[in-house]
Structure formats: structure tokens, C-alpha cells
Protein chains: 2
Amino acid sequence: MPNSIRNTNDAHLTMQVVNHVRALIENGALRPGDRIPPERDFARKLKISRASLRAGIGHLAAMGVLNVRHGVGTFVADGPPALGSDPLALLSALHGFKPWQMFEARLILESHLAALAAERGREEHFAALAEEVAEMYATFHDPQEYLIHDIRFHRTIAEAAGNPILAVLMETITAALYDERRKTAERSKSLKQAAEIHREIYRAIRARNISEARTMMEKHLRMAQSAQVDEVASKPKATRKKSSGKKAKAAY
Amino acid sequence: MPNSIRNTNDAHLTMQVVNHVRALIENGALRPGDRIPPERDFARKLKISRASLRAGIGHLAAMGVLNVRHGVGTFVADGPPALGSDPLALLSALHGFKPWQMFEARLILESHLAALAAERGREEHFAALAEEVAEMYATFHDPQEYLIHDIRFHRTIAEAAGNPILAVLMETITAALYDERRKTAERSKSLKQAAEIHREIYRAIRARNISEARTMMEKHLRMAQSAQVDEVASKPKATRKKSSGKKAKAAY
DNA sequence: ATGGTGAAGGTGGTCCGACCACCAGCGTTG
DNA sequence: CAACGCTGGTGGTCGGACCACCTTCACCAT
């Protein structure tokens with residue numbers, strides 16, 4: 001049985017809810033930021049129980065399409081397109097992604113993004129980039145604050161590249177990457193150095209020097225990688241007691 | 001409020017379940033293909049209601065980490081790493097991704113993948129690629145069947161590239177892309193032509209000719225794009241009655 | 001008036017317990 | 001020996017009660 005694409009599992013009703021909402025979005029009845037009806041009403045309207053409706057909403061929320069706020073309501077996601085950070089993190093643990101693979105993926109995406117930004121970026125983007133670079137110089141003594149602008153810088157490049165899909169993919173990877181980075185406060189030494197490179201990237205993009213933008217971005221990311229590569233090696237290998245044939249009665 | 005990365009919402013208990021399972025996976029207690037305890041038992045073990053547990057499982061299932069089979073049990077995903085196809089399709093509808101952006105993203109990923117495959121691929125991968133190419137030649141009169149091997153060919157390249165993360169991203173995009181493609185049966189004329197190019201890609205990879213592999217893949221994808229670009233243009237623009245200030249009482 | 005305070009209503013979150021639908025396995029039956 | 005059908009276990013659905021959170025607004029003290 002050559003299951004062509006994907007065995008889109010999931011129960012009937014859950015699927016029904018997902019598709020219903022998808023349809024509402026596709027035909028424009030729901031737009032980013034909009035609020036969906038209260039669960040009780042919506043469930044009644046769809047002729048299903050609230051539990052089933054919630055299952056569907058859960059799926060949409062897990063995929064980052066809906067945004068649920070306790071005591072307020074459920075809304076269609078609006079911010080920068082994103083695909084939930086957890087997914088990749090989970091898959092990472094599941095399939096044993098290596099850090100170098102993460103960096104490689106990021107390198108490929110971001111270098112292209114930089115090139116595209118140099119090619120298609122507009123004045124407003126350049127201004128935003130300059131702003132963030134300035135902020136980085138001003139905060140390289142405060143890793144916490146610096147990181148904010150670092151992220152915004154890369155995010156702005158992705159926006160300037162004019163391809164939201166690539167931007168989403170980049171966000172997904174960097175989110176998974178930062179999960180580890182957030183723990184280790186960077187030395188301000190390398191931060192100042194990083195700010196320098198960010199500035200060069202910015203200049204290359206503004207000058208619409210495509211290959212230079214790509215090259216600089218690659219250089220930057222390689223440095224970032226080697227700077228973070230230290231604090232690894234201490235990952236305890238996943239050990240699993242070879243279940244001795246019988247029941248292992250795991251400690252779930 | 002500079003929300004750094006993502007506002008990881010979701011309720012307490014749902015989160016608790018997700019993290020619990022994540023922990024089980026990370027420390028090796030759960031591996032791909034394993035089965036998790038029955039919902040009733042698991043819920044009791046975690047001291048939560050079955051409903052809450054199901055909410056958590058729902059999230060994990062939506063992210064493609066768990067695979068629920070009615071009447072059988074819930075399992076940890078094992079197949080080729082994948083990130084659920086719906087998510088991107090949903091985001092697509094939500095943020096109005098253009099087809100050319102999809103193709104651009106795919107082009108970037110797959111061309112790199114082809115290059116990496118030429119660089120790192122092993123004999124076993126080459127053999128599998130040859131197999132699929134042969135199958136394509138044998139089935140170019142049957143679009144349905146052809147598609148299977150087409151997919152497998154690209155998937156094998158991704159595997160040969162040795163970076164599962166990039167493979168996941170590719171799968172995500174192609175899945176969203178095929179959703180539209182499945183509807184339109186391809187002309188066998190172009191399929192035979194496509195088979196030719198696949199063969200050339202294969203030869204380039206086997207010869208470890210990195211730049212040639214990349215170039216051929218780019219060529220192939222560009223042709224595929226223009227071949228599919230026809231059946232567009234008929235997308236009814238999302239119209240939304242500008243709510244006249246009052247309540248619109250939409251037809252959810 | 002102004003500003004704080006608390007009650008009310010609406011919304012999502014959790015729980016319970018029952019029942020339905022599906023699947024695999026095994027014994028019975030022809 | 002093969003086909004049938006029962007049975008146990010598992011996920012799917014239901015409804016309805018109650019909890020937790022947020023917003024609003026009337027009320028009261030300043």
C-alpha cells in the first residue's frame with residue numbers, strides 16, 4: 001500500500017472542525033486577528049459536542065493557526081507567520097537531530113534570505129535593519145537585550161526577502177535553536193564582534209550586493225555556530241533498558 | 001513588550017502532557033514506533049482527567065509526533081520525519097502564500113538537497129534512485145502511479161543528503177504543493193520529459209557532480225512549475241462583506 | 001468629579017461517567 | 001481447514017457540571 005502523501009489520520013469530527021475553519025479562512029470569512037464564536041455556540045452550530053469542537057480547536061492551536069486565550073476567546077493567529085516552535089523541537093528529540101544539522105539548515109535558509117533581501121528589499125526594510133544594528137551596538141553588554149535585536153534583525157531580513165514561506169521555515173528552525181541558546185548567556189566579547197558582522201550584512205543588503213550579502217550571512221552564522229558549539233558534549237545518551245522480553249512496567 | 005520568541009500558550013495540563021511525553025522521548029523511554037499506555041491508564045498515572053490527556057495527545061498528534069489509531073492504540077511516529085502537511089496548507093490560506101513563493105522555497109531546498117546528496121550520498125541511495133527512475137519510465141502513462149515514484153525519488157535524495165531537518169522542511173512544502181497537484185492529472189507527454197530529467201539528476205548525483213546535480217534539479221523544478229502554473233488564475237479572491245459597523249452575524 | 005473596588009457575566013479549562021465505534025484475537029462452527 | 005462471530009481492549013463522542021480567568025461596569029469612598 002503505497003500511501004502517497006500522508007495518512008492524515010485523526011477522527012472524523014476533529015477533522016471536520018479543522019476543515020470547517022480552514023474553509024472559513026480560505027473564503028475570507030475569517031481573517032487574522034478575528035475571533036471565532038464561543039465554544040458553546042460554535043459547537044451547537046456545528047451540531048457536535050463541545051469536547052469534539054475543542055479537539056479540533058486544539059489541533060488548529062497546535063499548528064499555530066488559532067490562538068486561545070483563557071477567559072477571553074479564541075482568535076485566528078495574526079502575528080508574523082509562524083509554525084509553532086515546539087514541533088521541530090519535538091521531532092528533534094524524536095529523530096535525534098544533530099546540532100550541526102540545525103545549523104546547516106539555518107545556514108542555507110538565511111543565506112538565501114539575505115540574498116533575496118538584497119535583491120528585493122525596500123527602503124523601509126533597510127531603515128528597520130539599520131535601527132536594529134544600532135540597537136545591537138548599544139546593548140552588546142546585555143546579552144538578554146541584545147538577543148531581542150538579533151532576532152529582530154534576522155526577522156526583518158526574512159521579511160525583506162519577500163517570501164513568507166521561507167520566513168516561516170527560518171523561524172521554525174531558529175526557534176528550536178534558541179531554546180538551547182537562551183540558557184547560555186553569551187560573552188559580550190563575541191557579541192560586539194557579531195554586531196560588526198551584522199552591520200556588514202546590512203551594508204551589503206542596502207547596497208544590493210547579492211553575493212556579498214549571502215557571503216556575509218554565511219560567515220556570521222558559521223561564527224555563531226562555533227561560538228555555541230562548546231556547550232554540547234554533555235548530552236547524556238538516551239539509554240533504554242533493553243526490555244528483557246517481559247513487561248518492563250516503565251515509569252510513565 | 002518584546003516577546004522574544006513565541007508566546008507558547010495553551011493550558012496547564014495540556015502543556016504538562018506535551019512536556020511529559022517530550023521528556024519520555026528525550027530520555028529514551030519512548031522511541032519511534034513505541035506505543036503509549038491506554039488513555040485511561042495514562043490519565044490515571046498522570047493524575048489528570050482523560051479529557052485533558054486527550055487534549056495533550058491531540059496537540060502531539062497535530063504536530064505529527066504521535067500517531068493515533070482508533071481501536072488500536074497511540075504510537076510514537078516512526079516513518080520519515082515529517083511535520084504534518086496541513087499546517088503549512090493552513091498558514092498558506094491564512095497569510096495568502098502565493099504559488100510562486102512555494103516553488104521558490106522548494107527550489108532552494110531541493111537544489112541544496114541534490115547538491116548535498118551528490119556530496120554525501122552512498123551506494124545504497126544511488127541504487128534506490130536508479131530504481132525509482134526506472135519505475136518512472138515504466139509508468140509515465142499512469143500519472144497516479146508515476147507520482148508515487150516521483151515523490152519517492154525526491155524523498156530518497158533528501159535522505160541521501162544526510163540532513164533530516166532539511167528533509168522535513170522539504171516534505172512540508174511538497175505536501176502542501178501536492179494538495180493542488182493531485183487534482184490535476186498530468187499529461188503523460190510532460191511526464192516522459194520529466195523522467196528524462198530525473199535520470200539526469202540521478203546521473204549527476206551518482207557522479208558526485210555537485211554543481212551539476214544542483215543545476216539539473218533547478219531546471220527540473222522550474223519546468224514543473226511552469227507546467228503547473230496554468231491551472232491557477234481561477235482562484236476567487238477572498239471577498240468579505242465589509243461589516244457595516246454592526247454585528248454581521250456571519251454564517252459560521 | 002475622581003479613583004478604587006468588587007460583583008457579574010462571559011469565555012475557556014477541567015472533570016466525570018457513560019456510551020459508541022473500531023480493531024485484533026480466538027474460539028466456535030460448518 | 002476455513003469462515004464466522006463473539007469478546008475484550010482501545011480510541012471517539014457525548015452532555016452537563018463545575019472551576020479559573022478576564023473584562024466590564026456599577027457602586028462607593030475619597
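Excluded from the calculations below are hydrogen atoms, water molecules and symmetry mates; all remaining heavy atoms, backbone and side chain alike, are included.
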Scoring nucleotides 9-19 of chain C by protein non-hydrogen atoms under 4.0 Å (B base, S sugar-phosphate only, - none) yields -BBBBBBS-BB
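- Here the C1' atom of nucleotide D/dA20 and the CE atom of B/Met15 are 19 Å apart, to the nearest Å.
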Please test A/Asn163 against B/Glu104 for side chain to side chain donor-acceptor pair (under 3.5 Å), starting from the C-alpha separation and ending with a verdict. CA-CA 8 Å; A/Asn163 189 327; B/Glu104 183 175 88; 2.8 Å; yes
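- Counting only heavy atoms from C-beta outward, the side chains of B/Glu26 and B/Arg22 approach each other to under 4.5 Å.
- Under a 4.0 Å N-O distance rule, the pair B/Asp41/B/Arg44 qualifies as a salt bridge.
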Exercise answer: donor-acceptor pairs, residues 127-136 of chain A side-chain atoms, under 3.5 Å, sequence neighbours excluded:
residue	atom	partner	partner atom	Å
A/Glu132	OE1	A/His149	ND1	2.8
A/Glu132	OE2	A/Arg152	NE	3.2

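- Of the possible donor and acceptor atoms, one in the side chain of A/Gln101 sits under 3.5 Å from a partner among the backbone N and O of A/Lys98.
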